[in-house]
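Take a look at the structure set out below.
In the text below, chain A, chain B and the rest are named by the order of the sequence lines, each starting its count at 1. The analysis underlying the following values was restricted to heavy atoms, covering all of them including side chains, and did not include hydrogens, waters or symmetry mates.
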Amino acid sequence: MAVTPTPATGACGRIDVAAVKRDFPLLHVHVHGRPITYLDSAATSQKPQAVLDRLDWYYRNINANVHRGVYSIAEEATNQLETARDRVRSFIGAKSTAEVVFTKNATESLNLVIQGWGRANLSPGDAVVLTHLEHHANIVPWQILATERELELRWVPLTADGHLDTTHLDQLLDGAKAFSFTAMSNVLGTVTPVRELADAARAAGAISIVDACQYVPHLPTDVQAMGADFIAFSGHKMCGPTGIGVLWGREELLDAMPPFLGGGEMIRDVRLDGFTPNDLPWKFEAGTPPIAEAIGLGAAIEYLETLGMVAVRQHEIDLVGHAMQVLTERFGERIQIHGPVNPQDRGGVLSFAFDNLHPHDISQVLDQHGVCVRAGHHCAKPLMRVLGLQATARASFYIYNDEADVEALAAALESAADFFML
Amino acid sequence: MAVTPTPATGACGRIDVAAVKRDFPLLHVHVHGRPITYLDSAATSQKPQAVLDRLDWYYRNINANVHRGVYSIAEEATNQLETARDRVRSFIGAKSTAEVVFTKNATESLNLVIQGWGRANLSPGDAVVLTHLEHHANIVPWQILATERELELRWVPLTADGHLDTTHLDQLLDGAKAFSFTAMSNVLGTVTPVRELADAARAAGAISIVDACQYVPHLPTDVQAMGADFIAFSGHKMCGPTGIGVLWGREELLDAMPPFLGGGEMIRDVRLDGFTPNDLPWKFEAGTPPIAEAIGLGAAIEYLETLGMVAVRQHEIDLVGHAMQVLTERFGERIQIHGPVNPQDRGGVLSFAFDNLHPHDISQVLDQHGVCVRAGHHCAKPLMRVLGLQATARASFYIYNDEADVEALAAALESAADFFML
Amino acid sequence: MPGLEDLYREIILDHYRNPRNRGELPVPPAHKVEGFNPLCGDEIVIYLEVSDDNVVNDIKIAGQGCSISQSSASMMSSAVKGKTVDEVRELIRAFKSMMSIHESSLEGEGGEGEDGAVNGSGVKLGDLEALRGVVKFPVRIKCATLAWNTLTQALDEIG
Amino acid sequence: MPGLEDLYREIILDHYRNPRNRGELPVPPAHKVEGFNPLCGDEIVIYLEVSDDNVVNDIKIAGQGCSISQSSASMMSSAVKGKTVDEVRELIRAFKSMMSIHESSLEGEGGEGEDGAVNGSGVKLGDLEALRGVVKFPVRIKCATLAWNTLTQALDEIG
Ligand SMILES: Cc1ncc(COP(=O)(O)O)c(C=O)c1O
Ligand SMILES: Cc1ncc(COP(=O)(O)O)c(C=O)c1O
């Protein structure tokens, strides 16, 4: 049932999905008496046993507060936390752990840079460029700041097939201070040309902020090659625990930014009349960090590195291509798949309309077959409005999905149509 | 080895410490070949098996993103998250779950209210009252805001025995907009008269914000009886996982506050030209919440409720009283215990100076004996300066500590003195 | 775990496939109100015509949404036509009380919703009882109540 | 797990119990600099007297702190007295390199610190080698380097 190997998967070879599946306990539960088919990894991924083991190990053996304890388990907890940070650093090709800030999720990461960098650098009348593809996490913080600072928000529109329409990008960027865009759409699956966009921003004198929530879990990431100034992502979408996110930023920019949350850990000194912030990255980590979560994220990265991100990417291209083919052959006009036509241009996300059924009804019936897909606006309401949609059903694939899952999806769709007999 | 029961522990009876200890896996590890004596619960508590089991159960059986999924495991994850919120609600006596906001830690909770309420309500020249007992988490956010808004920060001083000196409180509160204070000092153990302080604030027309980080894990908490407007605390200090905190606030105040972080979950609608915030409490929960962590906190609360918070409080009074007696009898002038003399006036925290040894050296030698205590400024540098100290050694007690732990501490202190032979 | 049959009763599917009172009414005399379920994007438009003696003379429904929101609107339109405004408000209360049982227990205020509980109010819900199964699917409750909240808004605006 | 004997070598305890060059010097001619370890609150004050031909004529240490920071300061004071400023800078580099091995590998820049590694520099650390064990206790590294960072600052200020 594994995806046909292609020679293009590189040195890491292809993914043995059956073996991967065995590593994920949740994929062996039953729902309504049927084995689960989990197709909602764009919302959150499942976790391999290795990550659960690491969390458990942490709490059983070295749980202690970090950074100031002199005793052994506190030193070890600190050591493990900073080792996890280094693992993140090398996974995304960052120069230094000073550039890797732990947050609670990608949303906090984006707010940290938007509010932190934005308040320090933007004045009334300044323009910021976003795109119609954005998730609310990369829109609402800008809207809050835009109201506070009277900013102008400009939007990069889409082409008919769901790509960014960069025809007038230079015009949009003209005089702009920041360009904040997604590396991959969680609705259409569109992978955007990050390097090109970041270069355009730099040429226009704007900083670039990348929502890499759907990118880092699925594609090989190299922040040097991407050329952006900040990237944000979440641990829970890449086999890690909930409660942990990452902000990477160029050291000189992070250095120049004021602290965001105030409290313990982020200070060097506090007097009654003021405080001195700590060094990077701790300056942005106020309070007790998500210790177990960061260490769990480290384990998740180890797991992904064993598979190899080149192989992960190829697997998803293959599987989403296969799914598009199967669904189109089987349902013809009855199914409409949103977003780019070429699987190479998209991540493992498939939003679709089916048989005039409402996505909520589709998802509800699919659940009876153990098939988990998401229905709704996917936290991208402006995009839905641009597309003229109210909601979509979305199946999203990851390392543990295979052709059998596509088959389960297709079969469940068939019975949804039967059920409603419209 | 259990603490002698006193008739005062109420209906819940006394704590069977030996049984409790069995519930905490970490308390059975060995450090440097000796069984661990964990006396740093004020920094972070250990976790009972029931909490670890709940986390594991969540990830194995229902891990899914919450609030929008139509399929079974997503509904169940949402259900469990909201059930945990309700458990927090009833644990602290809040009126409604609308008042219970999940954050990543108490520090975020305090920043949320200080930045959120503060930016909306404070103007240049406004005064805010703090106390010399505060943790950095309740100082630095105010200092950030004070600089931004040109606020005046006023400080409630201490009496010689480590209580708040409220002699001039009315004067300090005169014209102030907010009074932000700790319910229990993490350095001196001082339990402050929260009700009295909150009433004084209200009488002066100021809102009250309580740092209840060291209170909620250790004393029966009833926000109605406390009479304050906001309270903040962390899950990791009360047997819960890292990565989860709580802000409780009066509904009408939370309602009137602007959102803090922007993103998914916290919106009702987003258009290109603006957004409408969601209902409470979700308005303040941007992005994927710490799902497993919140559910784990729910399990921690169930655990504490089984023991009974009245019994927990009595246990700590008894144990800290016993420790003060043992240490003073054994070491006389060689040990100086900071803070209130009467165990009834303090939590399970014992900061001390010993034999002219530096706290770091004490802690280091204690570690060789498996005894974990904290050394340093405990994130309360202004307090340390007021006390004329650079650092203290701090032993802190919780439900799983008993007289044997006190004995281990005393024995280890003896060998520290021997080791340095000063 | 509740099954599909708990949610999609035959009568619900019937209303979904053959929605009653679909269309528009001239405004005025009719009053027009739009409702919106931010969760799933469902939209509903209600055209409501109330006579001088406070009777719902006519009602029409437009908009788009899932089977639950659409059938609930359709069943509602049938149920309220010809009723007085007071009777309609009674019905809304009874319906929302039926829908709130689970929601409120979820939010830990189990006691509160009971007062106006279905049987307590004495109002007959008739076909609408078919929507009771929705409470087992908390995410869908907002779909079922969308039309009813919008109707309340219409009545409030008419005054 | 490293043990106490790795950290508290006999010579360290000796310097802690009997700190060398303790006291103050008149300013000027001496230069005075304060250092501060925010982690543990350790404070150090260095009085440094450098002759016109760039030789450390005298040095005194005041302040309070843990055994590691105090003994490190004491050993440093013995080691630099009589040395030229250039030699002192060499020594600082060698010492900090010894201290940074673990710190840098912790922070994932294992490669970087190696350049100036103890043996590479050719500088003899002598008694200071006793502080090598500190790298096994990362939290304490800042205690050991406090005096040295403060000395660097003093040299920089003298110019
Ligand atoms: C009194 C007090 N306030 C605030 C905090 C901050 O809590 P956290 O680090 O969990 O945000 C702590 C704990 O470190 C504390 O003891
Ligand atoms: C593209 C994109 N950006 C941002 C987010 C927000 O991530 P989180 O909810 O983990 O903060 C998500 C996931 O929901 C996403 O898909």
Side-chain angles (χ1 to χ4, degrees), chain A residues 25-26 29 31 43-44 46-47 52 55-56 59-61 63-65 68-72 104-108 111 136-137 139-141 143-144 155 234 236 241-243 261-264 267 269-272 274-275 286-288 290-293 360 363-364 367 372 374-376 379 381-382, chain B residues 25-26 29 31 43-44 46-47 52 55-56 59-61 63-65 68-72 104-108 111 136-137 139-141 143-144 155 234 236 241-243 261-264 267 269-272 274-275 286-288 290-293 360 363-364 367 372 374-376 379 381-382:
Chain A
L26 188 134
V29 303
V31 175
T44 199
Q46 295 307 330
K47 325 301 174 197
L52 303 188
L55 290 175
D56 205 56
Y59 283 123
R60 281 171 182 278
N61 294 285
N63 172 62
N65 215 326
R68 284 174 319 270
V70 176
Y71 53 86
S72 301
K104 69 173 171 179
N105 56 24
T107 302
E108 187 193 352
N111 277 271
H136 294 161
I139 297 176
V140 179
Q143 292 180 329
I144 293 175
W155 303 84
S234 275
H236 69 89
T242 54
L261 304 182
I267 55 94
D269 191 22
V270 181
R271 301 162 311 282
L272 288 178
F275 72 96
T288 303
I291 307 171
E293 291 75 8
H360 270 192
S363 175
Q364 197 87 58
D367 178 53
C372 308
R374 194 136 291 235
C379 292
K381 294 198 79 177
Chain B
L26 188 134
V29 303
V31 174
T44 199
Q46 295 307 329
K47 325 300 175 198
L52 304 189
L55 290 175
D56 204 55
Y59 283 123
R60 283 171 180 279
N61 294 285
N63 172 64
N65 215 327
R68 285 173 319 268
V70 176
Y71 53 87
S72 301
K104 68 173 172 179
N105 55 25
T107 302
E108 187 193 350
N111 278 270
H136 294 162
I139 298 176
V140 180
Q143 293 180 329
I144 293 175
W155 303 83
S234 276
H236 69 90
T242 54
L261 304 182
I267 56 95
D269 191 21
V270 181
R271 302 161 311 282
L272 288 178
F275 72 96
T288 303
I291 307 170
E293 291 75 8
H360 269 192
S363 176
Q364 196 87 58
D367 178 54
C372 309
R374 195 136 290 236
C379 292
K381 294 198 79 177

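- Only the side chain of B:His236 comes within less than 4.5 Å of a heavy atom in chain A; its backbone stays farther off.
- Interface check for chain A: of the options B:Gly274, B:Cys379, B:Ala64, the most heavy-atom pairs under 4.5 Å are formed by B:Gly274.
- Residue contact with chain B, scored on non-hydrogen atoms closer than 4.5 Å, involves the side chain of A:Ile139 exclusively.
- For the pair B:Asn63/A:Gln46, a side-chain contact is recorded, criterion being any heavy-atom separation below 4.5 Å from C-beta on.
- Inter-residue side-chain proximity for A:Ile267 and B:Gln143 is flagged as unmet; no heavy-atom pair is nearer than 4.5 Å.
- Checking A:Asn105 against B:Thr288 by side-chain atom types alone, no donor-acceptor pair falls below 3.5 Å.
- Contact count versus chain B (heavy atoms, under 4.5 Å) is highest, among A:Gln364, A:Arg271, A:Glu293, for A:Glu293.
- Of the listed residues (B:Ala106, B:Pro25, B:Ala375), the one with the most heavy-atom contacts under 4.5 Å to chain A is B:Pro25.
- With chain B as partner, the option from A:Gly376, A:Ala292, A:Pro382, A:Ala137 having the largest number of non-hydrogen pairs under 4.5 angstrom is A:Pro382.
- The contact between A:Val270 and chain B is made by backbone and side chain atoms together, counting heavy-atom distances below 4.5 Å.
- Looking only at side-chain heavy atoms (C-beta outward), A:Val31 and A:Asp367 come within less than 4.5 Å of each other.
- Within the 4.5 angstrom heavy-atom criterion, only side-chain atoms of A:Asn111, from C-beta onward, approach chain B.
- Note that the CD atom of A:Glu108 and the CG atom of B:Leu261 stand 6.0 Å from one another [nearest 0.5 Å].
- From B:Ser234, atom OG reaches atom CG of A:Asn65 across 9.0 Å, with rounding to the nearest 0.5 Å.
- Heavy atoms only, all atoms of each residue included: A:Pro241 and A:Leu55 are closest at CG-CD2, 4.0 Å.
- Contact count against chain A (heavy-atom pairs under 4.5 Å) is highest for B:Val70 among B:Leu52, B:Asp56, B:Val70.
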